[in-house]
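Following: one structure in structure tokens, then a few remarks.
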Number of protein chains: 2
Amino acid sequence: MTLPESGKPPTSADVARVAGVSRSTVSYVLNSPPGARVSAETRERVLKAVRELGYAPSAPARSLRSGNSDVVLFPLPLQPMGQLLEQFIDEFTEALRRQDLNLLIHGDRYARGVDAARAWAALRPLAVMAEAARLTDGGVEVLRRAGVRAIFAWGREEHPGVPTAIFDNRDTGAQAIRHLISRGHRKMACLVPSGPLAGLGQERWEGARTAAEDAGCSLERVDVGYIREDILAVVRGWQQQTDPPTAVFAGNDDFALMIISALRECGWTVPGDMAVVGADDLPFCDLVWPRLTSVAMHTRTMGSGAADALTSLMAGKPYKHRNHMVVHPRVVVRESG
Amino acid sequence: MTLPESGKPPTSADVARVAGVSRSTVSYVLNSPPGARVSAETRERVLKAVRELGYAPSAPARSLRSGNSDVVLFPLPLQPMGQLLEQFIDEFTEALRRQDLNLLIHGDRYARGVDAARAWAALRPLAVMAEAARLTDGGVEVLRRAGVRAIFAWGREEHPGVPTAIFDNRDTGAQAIRHLISRGHRKMACLVPSGPLAGLGQERWEGARTAAEDAGCSLERVDVGYIREDILAVVRGWQQQTDPPTAVFAGNDDFALMIISALRECGWTVPGDMAVVGADDLPFCDLVWPRLTSVAMHTRTMGSGAADALTSLMAGKPYKHRNHMVVHPRVVVRESG
DNA sequence: CTGAAAGCGCTAACAG
DNA sequence: CTGTTAGCGCTTTCAG
């Protein structure tokens, strides 16, 4: 075997020695910078040595030397995203791969502000894409200082000084209600969750209320917890009413599933007695009877939008501080409402 | 302002200059190695300078110099995990944080073997925890050579030479069937999904079949795709039979949801006419009527098990190559079966 | 406590 | 095309 005796990781010097070339040649072969020409035969010898040694260039050393990195850092969101998370990561990774960039997800989902920024900055990533809620001015400053070339935010509100992908949750509520109105409903209800999803639910409610007011329709606000009993109580309440709503925007798909389940448990039909619209377009929307009408966000927009911004950055264009982008939802119409 | 003029990231030398101390002192303050004593006043001056400068030590430089890192790398699983993923990551991150370790998730979920190993090894992580299916002997060798101190695998089968957390999916099937038998069922069905979940479904089926055989009960295998129409066809088929099964193990919770929905659509009651058991214990199991009985894996076991292994490794104990750990499921009994 | 100095693995000039 | 060399930011040793 040509392996070095030591237990230490092989270095480019080891590769050079085994291949019988200089370290620069190894570097040229591995990075093929513009204007470095290596004969096919030499290149092959080097690659063979790389394989033999199981050599993997050290990213830390490379980053230290070259002053930049191919890492885009995505701190794991505090907000539970469920299926959307995997979906977004896939799209983003794919978009980045086309530019030889790597997505790295930071596992700590709780740190925020300057503390979080320091942890992220320590890795010296090329770019950071974080929830707006976890960025503070101080944090952004730390990232800038650490040489992070691009900082993107995403979330419910724009972050000052950082380009933000804004998820228009008011529009989600508005679209749900407008859809129901277009189906002839005039008296509706809107579920507003408490707990971790309260903020999101509140925004969706606000959009829904505005849309109902604009159309002169009635919309009842119903606050519920993430528990089955709350939902059942709501349905029982409707059963008491002489003139209950004919449609409900459930706030999200889990609540839609719950409410449909509860309605049928109480002998109501969906959408006959009560139309139901969810939000997020989770996979199960397509799998149940009736299939669930849902208001979906385009995760694609977010993934490719961020990647596009990176592209222009890479192309040397100046970094724009204020090009926010609003991600709009659309209604996926199925049978439930 | 005490900021340096340049656009370059502040270094420990900048901190030293601002604080009026030497670079070694800065290092001592930030890392407090055993046997480094710094006066409280000096320490405070240093920390003040750190804050003023927005200084974050460079992880690459630190890693290069010290030869080790505080990063545990978790390549994003190829297998869709849905809710389980966030859950596991949370538990693992928390367990690692207690040892001052950081979880980093590699976004590329498709690379495997030596290619994947090279990408992971480039980051020079302390440890790697990967799906067994993405590790090959060559890949493990590359990681070892690169100085990765611990390699863990997880998945459906043990990986030779690497400690593996094995998810016993046969037992999932077996437990579901044994539970149904304990409820008095003697004629049952098992849904076996095609598509990306086929491998998983096959294992669950095998366990289910064995359990049924052992008990002398009848178990019908039903292959289905991840689409609503397949499920409806299955139910219609049962309607034709004079002596249909009385219970079904749906293979996972999505299928359980679908089949319950389809059964009720066809006028059957659950669990009266047909008991249904799912698997994975997704959150919606608790949110529908009837609530869904499901076979759950302990993600806790996996997260803390891996973290424990890391602990003993950190404590300097020798790295054991063959201490596999089997993660067993348990039945969460609710109303559907 | 400080200062000087070595060196981790790599890239990019630059000189052959 | 190849070899030499400086130095990225940091930790750690050693002698004050």
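Every chain is numbered from 1 and lettered A, B, ... according to where its sequence line falls, protein lines coming before strand lines. The figures here come from the full heavy-atom set of this structure, side chains too, leaving out hydrogens, waters and symmetry mates.
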Would you tabulate the pairs of protein nitrogen or oxygen atoms and nucleotide nitrogen or oxygen atoms of nucleotides 13-16 of chain C closer than 3.5 angstrom?
none

- Task: Provide the closest heavy-atom pair for A/V21 versus A/V26 in the form atom of the first, atom of the second, distance.
- Result: CG2-CG2, 3.9 Å
Length of the [atom1]-[atom2] vector between [X] and [N], whole Å:
X: A/R62; N: C/dC10; atom1: CZ; atom2: P; result: 8 Å
X: A/L64; N: C/dA12; atom1: CG; atom2: C1'; result: 14 Å
X: B/E41; N: C/dT2; atom1: CD; atom2: C1'; result: 15 Å
X: A/L53; N: C/dG9; atom1: CG; atom2: C1'; result: 15 Å
X: B/N68; N: C/dG7; atom1: CG; atom2: C1'; result: 16 Å
X: A/R65; N: C/dG9; atom1: CZ; atom2: C1'; result: 11 Å
X: A/D14; N: C/dC10; atom1: CG; atom2: C1'; result: 13 Å
X: B/R124; N: C/dC8; atom1: CZ; atom2: P; result: 14 Å

- Message: On DNA chain C, does the nearest nucleotide to B/A40 precede the nearest nucleotide to A/R23 from the 5' side, or the other way round? Give the residue.
- Response: B/A40
- Query: Pick the nucleotide of DNA chain C nearest each of B/T42 and A/S66; which residue has the one closer to the 5' end?
  - Reply: B/T42
- Query: Do the side chains of B/R118 and A/V50 get nearer than 4.5 Å, heavy atoms only?
  - Reply: yes
- Quick one: are A/H106 and A/L123 in side-chain contact, heavy atoms under 4.5 Å? yes
- Query: Less than 4.0 Å between a side-chain N and a carboxylate O, is that true for A/E141 and B/R51?
  - Reply: no
- Message: So A/P57, base contact, sugar-phosphate only, or nothing? Heavy-atom distance under 4.0 Å.
- Response: sugar-phosphate
- Task: Begin from the C-alpha positions of A/E44 and A/K48 and carry the test salt bridge (charged side-chain N to carboxylate O under 4.0 Å, His left out) through to its verdict.
- Result: CA-CA 6 Å; A/E44 203 36 66; A/K48 179 153 168 286; over 6 Å; no
- Message: Working to the nearest 0.5 angstrom, can you tell me the gap between B/R134 CZ and B/D108 CG?
- Response: 6.0 Å
- Report yes or no: does B/R109 contribute a side-chain atom to a donor-acceptor pair with the main-chain N or O of A/D90 at less than 3.5 Å? no
- Item | First and last nucleotide of DNA chain D, 5' to 3', lying under 4.0 Å from heavy atoms of chain A | D/dC1 to D/dG9
- Do any side-chain nitrogens or oxygens of A/S12 fall under 4.0 Å of OP1 or OP2 in C/dG9? no
- Message: I need the full list of salt bridge (Lys or Arg N to Asp or Glu O under 4.0 Å) pairs touching residues 71-82 of chain B, with sequence neighbours left out, sorted by first then second residue.
- Response: none
- CD (B/E157) with more than 12 external heavy atoms under 6.0 Å: no
